Amino acid sequence: MAIEIFYKEYLFNKHILVNDMEVPSNKNQFETLFALANLFNIRIVQGEKLVDESMIKFASKQLGENVPAPFYKGFPESVRALSPDQLLFDQMVHYIVTYGFGHFSEAGHSLFEEQFERTAFKESAAIKDFIIVDEKEAILKMGEFVNDLLAGTRPLSEEQYGMVNQYIYDYKFVPADVASKNTAIRLIIDFQNVEFAQFISLSDVIKLVDELNYIYYENENIKKLNLKNQDRKFITEIIDKLFELGRVDIRNCYEKKKIWNGLLHHIHYKAKSKEAQQFLDAMRGNENQSVYSEFEKNMTERNIRAAVDALKSGKGSAAVLRQLNYIMSRCESVGDMEYVLSCMDTKNVIVLMQLIIQYAQYKNKSEPRSFKFTKYDKLRVHTETAEEQKNRQSAISKGTARMLSDRLKDNLARVLKGRLGKVYIDPEMKNYALPLQEATSQGGFGVLTKGSKIQIPETKKIRAFTYWEKVNDIDLSVFGIESNGNKTEFSWRTMAGKQSQGITYSGDETSGYNGGSEYFDIELEQFKLEHPQIRYLIFCDNVYSGSHFTSCFCKAGYMTRDLEDSGEVYEPKTVQSSFVIDCASTFAYLFGIDLKTNEFIWLNIARDSNARVAGTTSMDFILDYFHITDIINVYTFFEMMATEVVDNMADADVIVTNKTVEPQKLSDTESGAAPEKEIIREYDTERIIALMNQ
């Protein structure tokens, strides 16, 4: 049986092509290799004999197939030749015809654009190194990815979770461990299998019910349950199974005591054991014996040491770190502060990294804070109001924040030291962020971790794109952010008077028979001359017609094009990333540009929003992602784990690079043999996740 297309797509994103034919074809191998190189700049560095003609069509689909033409077919040159009045009138007529008469049978195009003749020539584009594997090896690789992902304690992206789910189903895979409660809960719900309860505790049932309530009933209020009988029975089975397995943490359940009471009443739960009855009595009683209750009592009494002891003994050192700001702001003596610092010895790498970033970006009381959290795999944001900022109690100085960040870095270095042997690390790895918060990410080719940076060559411009089907209209927008926070909008609403050499917009095309598309061209140096006050650019996608991305097909991404671009509007070989947006929302952040450093910054965030027009949501918090790699990155992570960082690949046990590794560079000069070495790329997210969670 041929391997599922889903796995092939996932592996393509890891620069792996799959030949799943029982008898590989030997036809047209040279021609196929040439076509992959000529059309997509894909170079096969391993498994050339497994190449097959079908890979040309497959690569075309991943990098862009049947992309609808933009509103202005001669984009960008022909657009710049039109006056603002012509551009505005063009769009008005298009809207009247399309929306007024419901004319979606074919894509509309410009009335004023003159015929534009392109001069075909080859653009220079970065080479993409791929390998080809057979079906057996592909399945083994997928199994390795699954095990690595299941080792992670953080929520997975939709693409990652989808792959884990599909692999468990297709290959009857039985996980030995699922470290993330979020992942375990989703598996329990999707497979309706109580055996997965072994990976959660009793207190996690509330989160399970919250997820089930949202997935099955689209209800975000767990306090107002109206579950069907089959779901009530299933939750009862899960609770009983947890008592059977001994995964009972009643003290943690006190934290959601009221919600537990409502749930137990709703499912008509009856205890089947003495321990279960004790649990029922505890939830229905008047006492609250939670760790946080004891912690808060001591904090109220200003008994800092007792509060820290309660938290550390009940929840561990990581819980102390999560409350660090609150605790440190209440310390009234140097002795108390030193005591708190002595209790920061956690081995939780994820928590350490998150707090290092948090304190490195700490904002004092004069600066409003933005609180970011993930709910149902979408980003939610709350920015402090002026009143909240004024009444903020948990404030520490920036000096204290820097001191905490340094102490946390020292702790992290001690925890990671010596995990790997000798390591060669390409300096370019300093530009890539670690996968700490990928739950809101979309999947596809060229997707990076949030905050990762790519240097934009002076000879190139950025062409951002989006295209869609099964929906009336999706809008691609760009927002310029000044150092003082002021915003300039570049979108369908504003571009009639802003088209220029520095920024050009392809026109707001609504969906026709084959869908619609939009593009922005940014020539950095020219843009900076035209808009010297703007420091950052942020690209967004939103569904103007109001339906969620999940109900349509939408791809977004970017190309790096030569400044003198005379090729096609959409040129697959220049595509650096092409990913599907399929979040249950109308709004997504795509990527950004730092105009001071000429760096492309990866965002890829699904925001919990029903905004139909970009620019109505806050964006200040987005700038935090622009500087994550200045704090911690892939290079520093592997540097901390190495027993020794070496300059020569041949001396290394582990090689961390995106470049092609030639076998001769790895050979042992005495024997002439090339010893087995682990090579880790930026896109080997699964392996990096596993290393962060060892």
Side-chain angles (χ1 to χ4, degrees), residues 291-373 380-415 434 436-437 451 483 485 618 620-632 636:
V291 172
Y292 283 111
S293 177
E294 183 182 352
F295 167 71
E296 286 293 350
K297 178 178 177 293
N298 285 303
M299 289 296 292
T300 302
E301 295 171 355
R302 296 288 181 173
N303 191 342
I304 301 298
R305 300 187 189 199
V308 171
D309 288 344
L311 202 54
K312 186 174 180 179
S313 62
K315 293 280 189 177
S317 297
V320 176
L321 291 178
R322 290 191 179 98
Q323 297 291 331
L324 200 51
N325 220 47
Y326 174 34
I327 297 169
M328 293 294 284
S329 68
R330 301 304 196 275
C331 288
E332 296 176 342
S333 69
V334 174
D336 280 348
M337 291 183 72
E338 285 297 331
Y339 188 79
V340 175
L341 295 174
S342 71
C343 295
M344 290 168 47
D345 56 335
T346 182
K347 293 184 178 180
N348 190 319
V349 171
I350 304 296
V351 171
L352 286 168
M353 288 180 174
Q354 288 174 328
L355 286 171
I356 288 168
I357 293 170
Q358 176 186 314
Y359 283 115
Q361 298 179 331
Y362 183 77
K363 295 180 179 179
N364 58 33
K365 201 167 182 177
S366 64
E367 303 169 283
R369 295 178 299 181
S370 290
F371 299 94
K372 307 182 287 288
F373 60 97
R380 295 191 176 187
V381 182
H382 172 70
T383 301
E384 277 183 323
T385 63
E387 188 66 21
E388 288 170 336
Q389 188 178 344
K390 179 183 175 183
N391 295 328
R392 189 194 307 171
Q393 298 295 314
S394 300
I396 60 175
S397 69
K398 284 197 172 182
T400 300
R402 281 194 297 271
M403 180 271 291
L404 291 173
S405 182
D406 290 340
R407 291 287 289 263
L408 292 165
K409 282 180 183 176
D410 291 341
N411 191 351
L412 179 63
R414 286 194 301 272
V415 172
L434 291 160
L436 292 169
Q437 43 189 348
S483 297
S618 61
D620 293 347
F621 74 96
I622 285 288
L623 299 184
D624 290 344
Y625 294 102
F626 279 59
H627 305 290
I628 285 176
T629 55
D630 298 332
I631 304 163
I632 192 165
T636 54

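On a predicted model such as this, the values are computed, not experimentally measured, just so you know.
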Query - Closest contact, heavy atoms only, Gly314 versus Val291 - result: CA-CG2, 3.8 Å

Report summary line: One should read off an interatomic distance between Asn411 CG and Thr346 OG1, to the nearest 0.5 angstrom, of 7.0 Å

Query raised in the report: Which residues satisfy the side chain to side chain contact (heavy atoms under 4.5 Å, CB included) test with Asp345, sequence neighbours excluded?
Result: Lys312, Ser317

Query raised in the report: Between Asp336 and Ser333, what is the shortest heavy-atom contact and its length?
Result: N-OG, 3.1 Å

Query - Pairwise side-chain contact, Leu412 with Ile632, heavy-atom cut-off 4.5 Å (strictly under) - result: yes

Query raised in the report: What is the minimum heavy-atom distance between Leu311 and Ala319, and which atoms define it?
Result: CD2-O, 3.5 Å

Report task. Could you tell me which residues satisfy salt bridge (Lys or Arg N to Asp or Glu O under 4.0 Å) with Lys409, sequence neighbours excluded, listed by chain and number? Result -> none

Report summary line: One should read off an interatomic distance between Gln354 CD and Gln437 CD, to the nearest 0.5 angstrom, of 7.5 Å

Query - ring-ring contact (aromatic ring centres under 6.0 Å, His included) partners of Tyr625, counting only residues at least two apart - result: none

Query raised in the report: ring pair (Phe, Tyr, Trp, His ring centres under 6.0 Å): which pairs involve residues 297-323, sequence neighbours left out?
Result: none

Report summary line: By salt bridge (Lys or Arg N to Asp or Glu O under 4.0 Å), Arg330 pairs with (sequence neighbours left out) none

Review item, side-chain donor-acceptor pairs of residues 398-406, under 3.5 Å, at least two apart:
from   : atom 1 : to     : atom 2 : distance (Å)
Lys398 : NZ     : Glu367 : OE1    : 3.3
Thr400 : OG1    : Ser397 : OG     : 2.9

Query raised in the report: Which atom pair, heavy atoms only, marks the closest approach of Ser313 to Ala310?
Result: OG-O, 3.3 Å

Query raised in the report: What residues form a side chain to side chain contact (heavy atoms under 4.5 Å, CB included) with Ser483, not counting sequence neighbours?
Result: Arg535

Query raised in the report: Any side-chain heavy atom of Leu408 sitting closer than 4.5 Å to one from Met353?
Result: no

Requested in this report: Only counting residues at least two apart or in another chain, list the ones meeting salt bridge (Lys or Arg N to Asp or Glu O under 4.0 Å) with Lys297.
Outcome: Glu301

**Report entry** Partner residues of Tyr339 under the ring-ring contact (aromatic ring centres under 6.0 Å, His included) criterion, sequence neighbours left out
**Finding:** none

Query raised in the report: Quick one: does Ile357's side chain get under 4.5 Å of Leu436's, heavy atoms only?
Result: yes

Query raised in the report: Any side-chain heavy-atom pair from Met344 and Leu341 closer than 4.5 angstrom?
Result: yes

Report task. Flag yes if more than 12 heavy atoms outside Lys315 fall under 6.0 Å of its NZ atom; otherwise flag no. Result -> yes

Query - Inter-residue atom distance Leu324.CG - Arg407.CZ, 0.5 Å rounding - result: 10.5 Å

Query raised in the report: Of all heavy-atom pairs between Asn348 and Val351, which one has the smallest distance, and what is that distance?
Result: OD1-N, 3.1 Å

**Report entry** ring pair (Phe, Tyr, Trp, His ring centres under 6.0 Å): pairs with one or both residues in residues 315-335, sequence neighbours excluded
**Finding:** Phe295-Tyr326

Report task. List for me each residue that meets side chain to side chain contact (heavy atoms under 4.5 Å, CB included) alongside Glu332, sequence neighbours excluded, and say none if there are none. Result -> Arg302

Report summary line: Sorted by chain and residue number, the ring-ring contact (aromatic ring centres under 6.0 Å, His included) partners of Tyr292 (sequence neighbours excluded) come out as none

Query raised in the report: Mind checking whether Ile628 and Gln361 have side chains closer than 4.5 Å, heavy atoms only?
Result: yes

Requested in this report: Drop me the distance from Ile304's CD1 to Met337's CE, to the nearest 0.5 angstrom.
Outcome: 11.0 Å

Report summary line: Output for pair (Thr636 OG1, Asp630 CG), nearest 0.5 Å, gives 10.5 Å

Report task. Look up atom CZ in Arg414 and atom CG in Leu352, then write down how far apart they are to the nearest 0.5 Å. Result -> 9.5 Å

Query raised in the report: Of the non-hydrogen atoms in Ser329 and Ala395, which two are nearest, and what is the gap between them?
Result: CB-O, 3.5 Å

